[in-house]
Each structure stands twice: as C-alpha cells, then as structure tokens.
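Read the structure below first, then the notes.
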Amino acid sequence: MDELEEIDETQEIQETETNQETILEHASIVILKCPMATNEKTVIITGGIENMNDEDLHFYVNNNEQKLFKDKWLVTIPIESGYNTIVLSIKNSTKTIDTVTRTIFGGVLPPILTVNEFPTVTFEQNITLTGVVLDPNSAKKENLLLFVNSKQININDDDTWSHLVNLSQGENEFNVVAIGVGGRKNSIKVSIFHHPDGPHLIFDNLPAISPVKKFEISGRMISSDGQHYNLRIDDRKCHDEHGCFSSKVIISRDINNVDFDIGYKDRVIIRFTRQILFEPSKPDVVIFDYCSPISDTIYKISGSIKDANDRSPKLFVNNDEILYKDNYWETKLPFKIGDNTVNISAINSFGKKTEFTKTFNIKIIQPTIVIEEYPEKVNASTIVVNGYVIDPLNEQLNFHVDQVEYTLQEDNRFSISLDLLEGMNFITLVAVGKNNRFDTKEITINYDSSYREDIDSDTNEDSQ
C-alpha cells in the first residue's frame with residue numbers, strides 16, 4: 001500500500017511539473033511602446049510578460065539580462081545610424097520561452113515641410129495653400145504622406161503641393177502635416193482670418209524662411225469699409241496714413257513668432273502670429289584670381305569674406321586659420337612651378353560652412369633685359385651700351401656680356417663700354433637668377449673706320 005502511495009505521489013509531482021511547463025510555454029512578451037524609427041541616440045521600450053506564473057523566468061534584451069518589475073519591464077536601448085535589431089526573450093533555467101524581434105531605424109529626420117506665403121487676413125472666400133514637402137530619408141514618394149486638416153493631399157513630382165481651402169468668417173485654422181519614413185512627422189499650423197468687410201494685409205516681404213536675422217517686414221493694409229485701422233507688429237506701431245507699413249525685426253535660431261495686431265480705435269479686432277524659420281546663410285568668400293610673387297617659391301593670395309549674420313566668421317586656407325580685417329584677407333603660401341591647389345573654407349557662428357578649391361598655375365618668372373637706344377653702325381672702336389634689368393622677384397642677378405661678368409648698378413642698371421672689331425660685332429647680354437631664371441639679348445653693331453655719318457647723311461639727302 002505504501003508503495004502504491006509513493007507511486008501516486010510521484011505521478012502527481014510529474015503531472016504538476018508537466019502542467020508548469022505547459023504554463024511556461026504560454027508565457028509571452030508584450031510590447032507596449034517601441035518606435036519604428038528615431039533620430040535620438042537612445043530609445044525607451046516598455047512592455048510586460050503575460051501569463052507569468054513562474055518566478056524562475058528571466059528577461060533578456062540582445063542577450064543582456066534585464067530587470068523585471070513583477071510582470072513589467074522598461075529598457076533603454078542605444079541606437080546607431082541605420083537599422084537596429086532588438087531581440088527580446090524570456091527564458092527559464094532550461095530553455096527559451098518566448099522571443100520577439102523589433103527593428104528600429106536610427107537617424108531618421110522628420111520630413112521637410114514648407115508653406116508658401118499666404119494672406120493672414122483676407123476678404124476672399126477661398127484661397128490656395130501651396131508649399132514644398134520632401135522626405136530626406138527616402139526619395140520614394142509613396143513613403144511620404146501629406147494632410148491638410150486630415151484630408152490627404154497629392155504631392156507633385158517636383159515636391160510641390162497645393163490645396164484650395166474654403167474660409168469661414170473669422171479665424172480659420174489649418175493643420176498641414178507631413179508623415180515620412182518611420183512615422184516621423186512635421187507640421188505647420190496656418191491661421192487665416194476671413195473678414196469680408198474689414199481690413200486685410202498684403203505683404204511685400206514676409207518670408208517663411210529667412211537666411212538673415214535682421215530684415216524688414218513690409219506691405220499694405222487695405223480696408224473696403226473705409227474705416228481707419230491701426231497695425232502693430234510685435235507691439236510696435238508700423239503704418240502710415242496711407243496704409244503702408246514696414247517694421248524691422250530681429251530673429252534668432254530656429255522658429256520665431258511675429259505678432260500682428262489690427263485694431264480699431266482702442267480695440268484689437270484681429271490678432272494673429274506668423275512663424276518665421278531662421279535658416280542662416282553660409283559665409284560669402286571670394287579669392288582673387290591673381291597671386292603676387294614674394295620670392296621664387298612664396299606667393300601672396302588674397303580675397304574677401306562677408307557674412308550676413310556674423311561679423312567675424314572663421315576663415316581657413318589649407319586648414320590654417322587666417323586673420324583678416326575689414327572683410328579683406330591675404331596670406332602667403334609656398335607654391336611650386338605648375339599647378340597649385342588651394343583649399344579655402346569659412347564657417348560662421350551658426351555652423352554654416354562654405355568650402356571650395358582654387359588652382360593657381362605658376363610659371364617661371366624670368367628677368368627681362370631692356371637695352372636703351374644705340375647706333376647700329378659706328379666709326380669708333382669703342383661704344384657704351386646702357387640699359388637695365390627688370391626682375392619682379394627683386395633677386396640678386398648675375399649679369400654677363402659675352403661671358404664677361406659685370407656688376408649691375410642701383411635699380412639693376414648697367415652702362416658697359418665695349419671694344420669693337422672692324423666689321424660686324426655680335427654681342428650677347430645675359431641676366432641669370434636662381435632656379436634657372438634668365439634672359440638673353442643680342443645686339444649687332446657694325447664698326448666701319450671709314451664710315452662718316454655726315455657723308456651718309458648727304459648721300460641720303462641727294463638720293464631723295
């Protein structure tokens with residue numbers, strides 16, 4: 001009898017273990033929050049464990065054990081650029097009970113969305129909203145959706161869009177939403193006040209995106225009811241008796257709100273806000289086309305630099321920072337004969353960078369011998385030849401006449417007395433600098449001892 005009881009107890013224990021295994025096999029991972037894409041460096045994933053009836057269960061993320069809070073869990077995952085595979089699993093001491101895999105795309109940016117200028121106050125019943133939308137993460141248009149107040153809008157092949165909206169009297173709000181890869185969103189709220197008989201504004205200049213932080217908003221305020229209305233922009237009165245208005249504004253980084261108040265006597269009847277995105281421009285750098293030799297290997301290059309938003313952007317030439325004054329810069333560089341490539345870059349305080357390269361072709365700069373006027377025919381056995389040597393590099397030159405060295409005078413001038421032989425005399429002058437820089441000139445002088453210049457002159461007169 002005792003043996004039978006022992007057998008029954010063993011069977012009960014085995015049945016209990018089998019039932020526990022059955023329960024464990026049905027334990028499962030539930031994910032409550034997990035983004036498909038992000039541009040953050042980390043994401044938080046939350047969830048729980050269903051049918052968790054065994055205290056021996058362990059929870060893992062990418063094979064790293066994580067802490068369970070009863071049947072709940074929360075983990076922080078580092079995200080790299082591109083696709084990140086996240087493997088979540090629960091295990092007991094013998095096997096894996098459940099595994100769930102998720103993929104998160106890192107580095108996802110929201111779509112780029114713009115709304116072109118539109119009247120913030122109008123008496124028109126209908127207006128057309130237009131703009132541009134594109135997804136920097138994907139060139140495929142099917143991955144990008146655009147909505148205006150929940151109505152899907154068609155996106156043209158050139159990334160533009162347009163939508164006709166009906167206006168009710170008073171304030172009309174439209175929410176323009178773009179949804180791109182991974183569900184990333186960008187939205188712009190458009191507010192238009194429809195006043196059939198009241199004032200409305202026509203803007204000459206009110207950019208949605210400005211490359212400069214200081215600019216002027218201008219336009220006209222028109223009223224069809226003949227009443228005189230007041231306009232204030234950012235709480236500053238800014239219109240004249242003819243309805244024309246202008247106001248200087250200074251914006252900062254990112255999105256800026258500009259407030260408009262239209263009033264009648266002492267009462268504000270229309271108030272609205274326009275958002276202006278400050279997208280700073282790049283520095284404007286110019287390098288002049290010419291370069292000036294300092295020596296046979298050192299040359300000076302120069303140019304100008306300006307920035308609409310930064311008084312002193314940093315300038316680099318071949319990665320060396322260049323100091324400058326009054327928007328003019330210059331620097332000296334070692335150049336070789338032939339092509340020399342120069343890299344120029346500039347970056348302003350907003351992180352906007354301009355960079356380009358320019359090639360200078362350097363040729364050997366030769367000295368030039370200049371011989372002043374001399375007679376080609378003489379009756380004397382000696383003659384003095386005068387002249388000078390031009391050298392842009394201002395180097396010390398060796399000067400030879402028929403292989404005899406002479407010393408150049410101040411300003412590289414020369415005055416040389418030459419002995420002549422009867423007949424034709426061929427004389428060679430050579431100026432030589434460093435690095436094979438040289439110039440050669442030849443002159444020919446006819447020495448005729450019987451030659452009389454006055455007789456030749458008379459002969460010439462008779463022949464005439």
Side-chain angles (χ1 to χ4, degrees), residues 285-305 317-318 320 322-344 357-421 423-448 451 453:
V285 182
V286 174
I287 180 171
F288 300 148
D289 290 332
Y290 60 85
C291 58
S292 304
I294 305 300
S295 68
D296 60 331
T297 59
I298 303 298
Y299 284 74
K300 181 180 76 174
I301 64 171
S302 56
S304 63
I305 178 171
V317 175
N318 288 349
D320 293 328
I322 306 300
L323 301 179
Y324 56 90
K325 184 179 180 181
D326 297 331
N327 303 119
Y328 173 82
W329 61 268
E330 66 177 39
T331 187
K332 299 175 183 178
L333 294 176
F335 279 176
K336 66 181 187 303
I337 302 301
D339 288 338
N340 296 264
T341 301
V342 179
N343 177 266
I344 300 97
T357 59
K358 186 173 182 63
T359 300
F360 290 93
N361 183 267
I362 302 302
K363 298 179 181 179
I364 297 177
I365 301 177
Q366 307 287 14
T368 302
I369 299 173
V370 179
I371 302 173
E372 296 175 349
E373 187 176 357
Y374 63 91
E376 295 182 356
K377 188 174 184 179
V378 297
N379 57 6
S381 60
T382 60
I383 187 172
V384 176
V385 177
N386 300 310
Y388 53 92
V389 181
I390 300 173
D391 184 13
L393 300 183
N394 293 321
E395 288 186 346
Q396 184 175 354
L397 301 172
N398 295 323
F399 187 67
H400 301 264
V401 178
D402 286 342
Q403 299 183 356
V404 177
E405 185 173 358
Y406 290 86
T407 301
L408 292 171
Q409 302 168 6
E410 187 177 355
D411 295 332
N412 285 345
R413 293 195 63 83
F414 59 84
S415 181
I416 301 170
S417 178
L418 301 176
D419 295 328
L420 303 177
L421 300 176
M424 302 298 291
N425 291 264
F426 301 97
I427 303 164
T428 302
L429 295 82
V430 180
V432 181
K434 296 179 181 179
N435 299 321
N436 297 321
R437 300 172 54 249
F438 69 93
D439 187 30
T440 301
K441 290 288 189 297
E442 291 186 353
I443 61 175
T444 302
I445 300 177
N446 183 7
Y447 169 38
D448 183 356
Y451 167 68
E453 186 176 358

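Here the structure is a predicted model, which means the values were calculated and not measured.
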Indicate yes or no for a side-chain donor-acceptor contact from [X] to the backbone of [Y] under 3.5 Å, with no hydrogens or angles considered.
{"X": "N379", "Y": "Y451", "value": "yes"}
{"X": "N340", "Y": "G338", "value": "yes"}
{"X": "N327", "Y": "S304", "value": "no"}
{"X": "N318", "Y": "N343", "value": "yes"}

Taking the side chain as every heavy atom from C-beta outward, state whether [X] and [Y] have any atom pair closer than 4.5 Å.
{"X": "N446", "Y": "T444", "result": "no"}
{"X": "Y299", "Y": "I294", "result": "no"}
{"X": "I427", "Y": "I445", "result": "yes"}
{"X": "V342", "Y": "L333", "result": "yes"}
{"X": "E372", "Y": "V370", "result": "no"}
{"X": "F335", "Y": "I298", "result": "no"}
{"X": "I443", "Y": "V385", "result": "yes"}
{"X": "T440", "Y": "I369", "result": "no"}

Search all heavy atoms of [X] against all heavy atoms of [Y] and return the closest pair with its distance.
{"X": "F360", "Y": "C291", "result": "CD2-SG, 3.9 Å"}
{"X": "D439", "Y": "K441", "result": "OD2-NZ, 2.9 Å"}
{"X": "A431", "Y": "V389", "result": "CB-CG1, 4.0 Å"}

Using the side-chain contact (heavy atoms from CB on, under 4.5 Å) rule, take W329 and I287 through it: C-alpha gap first, then chi angles, then the decisive distance, then the call. CA-CA 9 Å; W329 61 268; I287 180 171; 4.0 Å; yes

[X] side, atom [atom1]; [Y] side, atom [atom2] - distance, nearest 0.5 Å:
{"X": "L397", "Y": "F414", "atom1": "CG", "atom2": "CZ", "result": "12.0 Å"}
{"X": "L418", "Y": "L421", "atom1": "CG", "atom2": "CG", "result": "11.0 Å"}
{"X": "E442", "Y": "D402", "atom1": "CD", "atom2": "CG", "result": "9.0 Å"}
{"X": "M424", "Y": "D448", "atom1": "CE", "atom2": "CG", "result": "10.5 Å"}

Of the options V286, V285, I301, I322, which is the one that meets I344 in a side-chain contact (heavy atoms from CB on, under 4.5 Å)?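 It is V285; the other options fail the test.
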
Can you tell which of V404, N412, I416 makes a side-chain contact (heavy atoms from CB on, under 4.5 Å) with F399? I416

Please indicate whether Y374 has more than 12 foreign heavy atoms, meaning atoms of other residues, nucleotides or ligands, lying under 6.0 Å from its OH. yes

Does K325 have more than 12 heavy atoms from other residues, nucleotides or ligands lying within 6.0 Å of its NZ?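 Not buried by this count: 12 neighbours or fewer within 6.0 Å.
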
Salt bridge (charged side-chain N to carboxylate O under 4.0 Å, His left out) partners of K300, counting only residues at least two apart: E330

Applying side chain to side chain donor-acceptor pair (under 3.5 Å), which residue pairs with at least one partner in residues 381-397 are found, sequence neighbours left out?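 Listed once each, the pairs are N386-S415, D391-R437, E395-R437.
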
Give the C-alpha distance, both sets of side-chain angles, the deciding distance and a yes or no for side-chain contact (heavy atoms from CB on, under 4.5 Å) between N425 and I383. CA-CA 11 Å; N425 291 264; I383 187 172; over 6 Å; no

